[in-house]
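Written out below as structure tokens is the structure these notes cover.
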Amino acid sequence: MKPRVRFAPSPTGFLHIGGARTALFNWLYARHTGGTFILRIEDTDAARNTQEAVNVILNGLRWLGLDWDEGPITADATGPSKGIYGPYFQSQRKENYQRRVEALLSHGLAYEHEGAIKFKMTREPVIIPDLVVGDVRRELTDREQVDPDFVIVRSDGEPVFHLVNVIDDLEMNITHVIRGEDHLSNTAKHIALFKAFGVEPPKYAHIPLILNIDGTKMSKRDKGASLTSYMEEGYAPEAVVNYLSLLGWSPKGNREKLSLEETVELFDLPQILRHNARFDLTKLSWLNGEYIREMADDRFHELCIHALAKAGLDTNRYPLDYVKSALDTCKGKFKLFGELAGYAGFYFQDQVEYDAQAAAQVFIPENKPRLQRLREVLAILEPFHHEGIGATFGAVAKELGIKTGVLVHPARLACCGKPAGPSLYHLMAVIGKDRTLCSIDKALARM
Ligand code: GLU
């Protein structure tokens, strides 16, 4: 049987980077083996359950490109590539749980206790065969010695995590449970439940935790703990996927930059590392820079346009050729797509706003005749290409006996409103002669 794996997040309103990595490992294993990847939202805790909390998970997985293969067919397409499957929601599967609990009760494997239902836990040590950590022998704790049985349905009628997690894994024919090591302590209970249902438990692969770079436990509040922060700051998802794949897994040869195809090809459970992984934001930023630098133009444009739209800049108002040449002047100039609007937003704004401090420095009276002369010469430049523009700056500076920089600063501020930005000669060529002259005129009027 081909592997069937699942990512089973609880909607907490937060997708931890460790959860994203668990999702990725499951997805990679399914893609590597030609198996099935299931998304199951563990939303039995009705109090915490909101649509927004579910969306955080769905948007995160879509952003990473982790498409799921199965689920109820929904009207609103949710799977990124298959498009027609919603995830499974435990809240929609309550009858299954009831049926299974009744079966346990009728076989004497569970009993009522103070309005709740408890499962008769085995008193024997449980061996957890784990593909990552090896065999783990789990004895009853001192407290469990007194009463090893545990609640599977609360007195308010709500089924408990252990129960629903096992029932779904069983009914969805999950072959491999790949999840964080924090769940290892639950696994003896899960194996006992599988046995009670008369079904062989799946194979387990508990993946080591992700720690902060200093070795401390990563909490929700630690920088970089939330997947959403990467989406907002404008990382390239392919860089994040690449980085996450190496958190606790390592292909031979210690390679750091791997395409998704290669990762799918190489990924397997035996290479999951046994020690905890340390999260290195510097390395992720570096990798992100590498990805942007080597990114195909189309993909670069796509991510740029998306980032600009997020910042409220609508590139659709401009011809596509213009948009692309504008963006090309930015390639290799920023680390995060979130920086792009600040860096090159002027291309897509009708009014340039001047940085006040820079304006006070360069929009000064002695620069006015210089800029005027530059304008005169630019006005007759044909064609208006960056080489010619550069030569014009050089020639005017020479004529006036000043350094080229003396012209560059006010001209740049006139065109982009900021003291720094893409190469001035290139950006002038992109915005064209009319807009360049118009920008210089506006600046002159302020001097
Ligand atoms: N809902 C559990 C969690 O989010 C799932 C654990 C599992 O993968 O079995 O931690």
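Computed over heavy atoms, backbone and side chain alike; hydrogens, waters and symmetry mates excluded. All ligand and atom numbering here is 1-based and tracks the order in the structure. Quick caveat: nothing in here was measured; it's all calculated off a predicted structure.
Test F337, W63, Y243, Y291 against Y235 for side chain to side chain contact (heavy atoms under 4.5 Å, CB included) and you get one pass: W63.
Which parts of ligand 1 touch S10 is read off a 4.0 Å heavy-atom cut-off, strictly below it: atoms 1 (N), 2 (C), 3 (C), 4 (O). Below 4.0 Å from some heavy atom of R6 lie the following atoms of ligand 1, by number and element: 7 (C), 8 (O), 9 (O).
Of all the listed residues (H206, H183, E42, R179), H183 holds the heavy atom that lies closest to atom 3 (C) of ligand 1.
With salt bridges taken as basic N to acidic carboxylate O contacts below 4.0 Å, none links E339 and K333. Classification of E112 and K118 as a salt-bridged pair fails, no side-chain N sitting under 4.0 Å from a carboxylate O. The existence of a salt bridge linking E232 and K310 is excluded, since no basic side-chain nitrogen approaches an acidic carboxylate oxygen closer than 4.0 Å.
Not a single heavy atom of F7 sits under 4.0 Å from any atom of ligand 1. Ligand 1 has no atom lying under 4.0 Å from any heavy atom of V177.
Geometrically, ligand 1 and A8 share a nitrogen or oxygen pair separated by less than 3.5 Å.
In this pair, Y322 and Y347 present their aromatic rings perpendicular. The plane angle is above 60°, beyond the 30 to 60° band.
Without hydrogens or angle criteria, N212 side chain to K217 main chain gives a donor-acceptor distance under 3.5 Å.
Here N165 has side-chain heavy atoms under 4.0 Å from ligand 1, and that is the only part of it that gets that close.
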